[in-house]
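Inspection log for the structure reproduced underneath, given as structure tokens.
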Amino acid sequence: MNPEIRVRFAPSPTGYLHVGGARTALFNWLYARHHGGKFVLRIEDTDKARNTQEAVQVILDGLRWLGLDWDEGPEVGGAHGPYFQSQREDIYETYFQKLLASGHLYEDGGAWRFRSLREIVVVDDIVCGRIEFDLSNPETHPDMTIRRPDGSWIFHFVNVVDDIEMGITHVIRGEDHLSNTPKHLELFKALGCQPPSYAHIPLILNKDGSKMSKRDAGASITGYIEAGYTPGALRNYLSLLGWSPKDNRELLELEETVNLFDLSKVNRKNAHFDLDKCLWLNTQHLTKLPLERFREMCLPFIKKAGIAFGQPEALDPVLAIVREKVKLCSEIPAWISYFFTEDYTFDPEAARKAFASPVVLERLTALVAAFDSVPEWSAASAEAALKHTAAELGAKPNELLLPTRVSVSGRPSGPNLFPMLEILGQKRTVARLRNAITTHAQA
RNA sequence: GACCCUAUCGUCCAGUGGCCUAGGACACUCCCCUUUCACGGGAGUAACACGGGUUCGAAUCCCGUUAGGGUCGCCA
């Protein structure tokens, strides 16, 4: 445990939280939690045009959904605030004056530039190792601008100042910043401050290797929330991009990941994002969820679909038998809607298959009679009745299954048939079968 | 273009000189289970980018080539 360790996630409010950013936040968070340090959230909103409350909220919501709580930052405060760069003008001004006084700055076209030290800068990266950058040639490494003519600040400068002011000990960020690091190191040196340790983690690209942008599938965290992923599954998947516990395990709970996580196990190769695997992990996490938690996750989607279910607990028996089918919670209304209304519709293709043979209606008629006279309705008694009827008709039980399923649910697939009939109840099962028979007799 | 990083199955991740005729997972194919679909179980297809070294021995070390990614902004 090292309470001295302080890491930060410093997103700019662009209006969405990118999976790459979420993974960076996750690694920072894991590092802090593993070592008992502090995880700081800082909003880099120096670009006033993009700085809206909604854009910030998307990031906060996304991080909270993933379970990445911050020890200092927006809405929670802390001793090193404010945590919005737009509110730290005075601090930047102070540091600016320091650099100005020490002769590191010069004006150029109204903007202020930092005069490079023109040295070989060594970046000793925790993940990438020791890398030398030769900044001696002004042609290839022009002096960086740190302040615009309108007085606003540039990323490199405020980023470094904030890391100093906030006591950041470890900067864990995307590899896209590796080439920026020598510039940042120059700033630390000019300011007379000790730089933090750096760890540049590999990037996340699309499955085909192209750069991932907002529009690409799986790029936005909001998309996962809306699709009904469990936060644990996405967090699990993201943790495995560029890192692994080294023992071939894949399905990891948060606590295990915190225990196992270490920067030394982070690899250097960019990862290609595979939504299929992420989906698979979701099914794994979904099945491990207690039923109450599963219900909570599904509830918003069920409400949104307008399903009249009464009390939330009333959903449980249905959820219990369909949950093994569900890959995403957004699918849940389609799996359960017919349990809660008599106004269900028949899938045309399923109906065509189920009622293709003329003998089907006769068989179903016999089945209705059998079902109607079952003394104590249950999955087992329904099954016995169906098998008995099939035997009497000289048919295989299988031949009655699809017609029955389509009749009572309108769908070709669903939970196991007999438990489903039990929940539906004897009366509704019989009524639905009768209704299906008359409907399809006409057709 | 310059500089930096990377290079194991389609994808993610093991592998850090001999245990590798390269292992696990997703996806895919097939089989089994089964009341459809799914789940579950089993099997299979599939990779060390290429060329040079170093070494008794290389996926592992070195060099080059190629490919991919990143940075070079008065974006972050």
Side-chain angles (χ1 to χ4, degrees), chain A residues 10-14 21 43-47 49-50 85 108-113 123 125 127-129 131-135 137 139-142 144-156 158-159 173-183 200 202-211 237 239-251 265 267-281 283-284 287 322-327 335 350 353-354 383 386-387 390 396-406 411-420:
Chain A
S12 115
T14 56
I43 305 298
E44 305 219 332
D45 56 351
T46 55
D47 186 348
R50 296 195 288 195
Q85 290 187 329
D108 174 23
W112 288 92
R113 289 177 178 273
V123 176
D125 193 274
V127 173
C128 303
I131 304 163
E132 286 189 7
F133 291 85
D134 184 353
L135 303 193
N137 186 351
E139 299 294 312
T140 55
H141 295 85
M144 69 179 131
T145 305
I146 67 162
R147 190 175 201 178
R148 301 185 188 90
D150 68 0
S152 61
W153 308 98
I154 304 285
F155 161 73
H156 302 293
V158 293
N159 186 270
R173 62 186 4 173
E175 204 211 73
D176 50 339
H177 286 297
L178 185 56
S179 298
N180 288 328
T181 307
K183 289 184 210 164
H200 288 90
L203 268 20
I204 300 178
L205 308 173
N206 284 315
K207 189 159 186 186
D208 66 5
S210 63
K211 191 173 179 178
Y237 180 70
S239 76
L240 260 16
L241 258 25
W243 172 85
S244 91
K246 304 289 182 192
D247 60 3
N248 281 340
R249 282 194 299 160
E250 314 246 283
L251 190 57
K265 286 186 237 159
N267 70 32
R268 307 172 67 174
K269 195 176 75 170
N270 289 164
H272 293 197
F273 192 83
D274 184 2
L275 203 52
D276 281 334
K277 184 152 184 177
C278 187
L279 223 205
W280 172 77
L281 270 170
T283 64
Q284 300 302 305
T287 47
V322 302
R323 64 179 300 180
E324 65 178 12
K325 301 282 178 176
V326 178
K327 291 187 169 175
W335 288 108
K353 261 191 195 166
E383 181 171 4
L386 183 137
K387 285 186 171 163
K396 290 181 199 162
N398 306 24
E399 296 179 280
L400 289 175
L401 294 172
L402 187 64
T404 304
R405 174 181 295 286
V406 175
R411 302 188 40 148
S413 61
N416 289 334
L417 182 63
F418 301 110
M420 174 176 151

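What you see below is based on every heavy atom in this structure, not just the backbone, and it leaves out hydrogens, waters and symmetry mates. Here is how names work: the chains are called A, B, and so on, in the same order as the sequence lines, proteins then strands, and each is numbered from 1.
Rounded to whole angstrom, the span from the CZ atom of A:R268 across to the P atom of B:rU16 amounts to 18 Å. Across the protein-nucleic acid pair, A:I131 atom CD1 and B:rC3 atom P stand 15 Å apart, rounded to whole Å.
In a base pair of the Watson-Crick type (N1 to N3 plus N6-O4 or O6-N4) or a G-U wobble (N1-O2 and O6-N3), with each distance short of 3.5 Å, B:rG1 is matched with B:rC72. As the counterpart of B:rA38, no nucleotide is assigned, since no Watson-Crick or G-U wobble pattern has both distances under 3.5 Å. In this structure, B:rA47 forms no base pair with any nucleotide, since neither Watson-Crick nor G-U wobble geometry is met with both distances under 3.5 Å.
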The contact string for nucleotides 30-38 of chain B, one letter per nucleotide 5' to 3', using protein heavy atoms under 4.0 Å with B, S and - for base, sugar-phosphate only and none, comes out as -----BBBB

A correct 5'-to-3' footprint of nucleotides 64-70 of chain B, with B, S and - meaning base, sugar-phosphate only and no protein heavy atom under 4.0 Å, is -----SB

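Nucleotides B:rG64 and B:rG23 are separated by 31 Å at their C1' atoms, to the nearest Å.
Here A:T140 does not reach the OP1 or OP2 of B:rA2: none of its side-chain N or O atoms lies under 4.0 Å away. Contact annotation: A:R148 side-chain N/O to B:rC75 OP1/OP2 distance is under 4.0 Å. For A:S244, a side-chain nitrogen or oxygen approaches OP1 or OP2 of B:rA14 to under 4.0 Å. Look at A:K269 and you'll find a side-chain N or O under 4.0 angstrom from OP1 or OP2 of B:rU8.
Contact of the A:H177 side chain with the A:H200 side chain is registered, since non-hydrogen atoms from C-beta on lie closer than 4.5 Å.
With sequence neighbours excluded, no residue satisfies side chain to side chain contact (heavy atoms under 4.5 Å, CB included) with A:S179.
If you check distances only, the side chain of A:K277 does reach the base of B:rA25 with a donor-acceptor pair under 3.5 Å.
Side-chain atoms of A:R148 and A:T46 form no donor-acceptor pair, as typed in the model, at a separation below 3.5 Å.
Across all strands shown, A:H156 has heavy atoms under 4.0 Å from base atoms, whether or not it also approaches the sugar-phosphate.
The heavy-atom pair separating A:A10 from A:E44 by the smallest distance is CB-OE2, 3.4 Å.
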